[in-house]
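Below is one structure; the comments refer to it alone.
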Amino acid sequence: MDTVQFKETFVPLTDSLFRIARNLLDSEENAHDAVQDTFVRLWNLRDTLDTVLNHKAYAFVLVRNICLDMLRKESIRQSEQIEEQFDLSDDEPSPDRALIQREQVSLLLKAMGQLPEKQQLVLKLRIMEEMDYKDIAIQTGMTEGNLRVLLTMARKNLKKMLENGTY
Amino acid sequence: MEHTDIHIPEMEELERMAQDIKTPVPAGLSKEMSDMVNLLDFMDNPDEMDLVLPESNRRRGIFARVAGIAASVAILAGIGFGINYEENPKDTFSDPQEAYQSVLATLQDVSSKMNQCVAATEQAARAFETAGNIIYETN
């Protein structure tokens, strides 16, 4: 599934996914995280989604399972606090993979703020505003060739910052 | 200890939750998810420039390519100037001195135009170098 198809299929489901998450979880913040996790997981699975017959049902079940995982994790955390208090624990909790993926997205957004000004601007206009190169060129006064170079350098800088932890 | 009595809603209940308009949704959430997908796509998919320019020779590659193109254009223009200059070419001269002066004048004119082309090429190369420096200095 390409990016355009992915967005056309799943972005319109955002509100529905949030409502499901909000009904299952105890806070708007957690529901927001669950929806973000859902999109990250769907994105990671996009190459297999063409075989899915009902994308809406797939996404609904995914967000439900993510919410249930969060509830179980919270339950385990609370149990561990009790166990710690009475020194009853004998197993380390397994890492929350969903949290790791969501944090990577947060780190990416943070790293974007560290880019040089022109790279940030072009990245914002191209990626967030979805402007085409021609319109960005008109707005910024830069040539389309320069814009492509700036985006390439932005990508490389972001990857380097994430690898080095410098953000 | 694991909490085992978490209710697992089936599809019918999920559909009902999804349509519950009494549950408010944060403004801009769809745009936020769309932006995030765009960002994930940007990081996953290399720009065509990554494939075109090898990183180690990128800077020299740009200058070499542009200078080469500019030089080629200048040479072609210089040839054009030489060809177009002789509006009324004479195949033979009865006076050797006249013939010599004509050839000398032609050579001087071609030389002059060639110098202009070389100067134009250098100017173009300097302009491109300046542009390239601007790109790299700002990044």
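Every chain is numbered from 1, with letters handed out A, B, ... down the list of sequences. What's counted below: heavy atoms across the whole structure, side chains too, no hydrogens, waters or symmetry copies. What you are looking at is a predicted structure, and each value in this text was computed from that prediction instead of being measured.
The most heavy-atom pairs under 4.5 Å with chain A, out of M36(B), M17(B), E10(B), come from M17(B). The candidate with the highest count of non-hydrogen atom pairs below 4.5 Å against chain B, out of L158(A), L108(A), L13(A), L42(A), is L108(A). Contact count versus chain A (heavy atoms, under 4.5 Å) is highest, among K31(B), Q19(B), E32(B), for E32(B).
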Exercise for the section: Could you please spell out the steps behind the side-chain contact (heavy atoms from CB on, under 4.5 Å) verdict for L14(B) and R64(A)? Expected result: CA-CA 8 Å; L14(B) 294 176; R64(A) 179 199 70 184; 4.0 Å; yes
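For a residue to count as touching a neighbouring chain, one of its non-hydrogen atoms must lie under 4.5 Å from one of that chain's; by this rule L17(A) does not touch chain B. Of the two parts of V63(A), neither the backbone nor the side chain holds a non-hydrogen atom closer than 4.5 Å to a non-hydrogen atom of chain B. For E130(A), the part lying near chain B is the side chain, with the backbone staying farther off; criterion is any non-hydrogen pair under 4.5 Å. Looking at K56(A), only its side chain comes within 4.5 Å of chain B, counting heavy atoms on both sides.
For residues 22-33 of chain A, the interface with chain B (any heavy-atom pair closer than 4.5 Å) comprises R22(A), N23(A), L24(A), E28(A), H32(A), sorted by residue number.
No side-chain heavy atom of V37(B) sits less than 4.5 Å from a side-chain heavy atom of F10(A). Counting only heavy atoms from C-beta outward, the side chains of L45(A) and V52(A) never approach each other to under 4.5 Å. Between T3(A) and W43(A), the closest side-chain pair of non-hydrogen atoms falls below 4.5 Å.
Test Q119(A), M112(A), Q114(A) against N157(A) for side chain to side chain contact (heavy atoms under 4.5 Å, CB included) and you get one pass: Q119(A).
For Y58(A), there are no ring-ring contact (aromatic ring centres under 6.0 Å, His included) partners, not counting sequence neighbours.
Ion pairing between a basic and an acidic side chain is recognised when a charged N comes within 4.0 Å of a carboxylate O; E13(B) and R16(B) show such pairing. Salt bridge status for R46(A) with D44(B): present, with a side-chain N to carboxylate O gap under 4.0 Å.
I138(A) CD1: more than 12 foreign heavy atoms inside a 6.0 Å radius.
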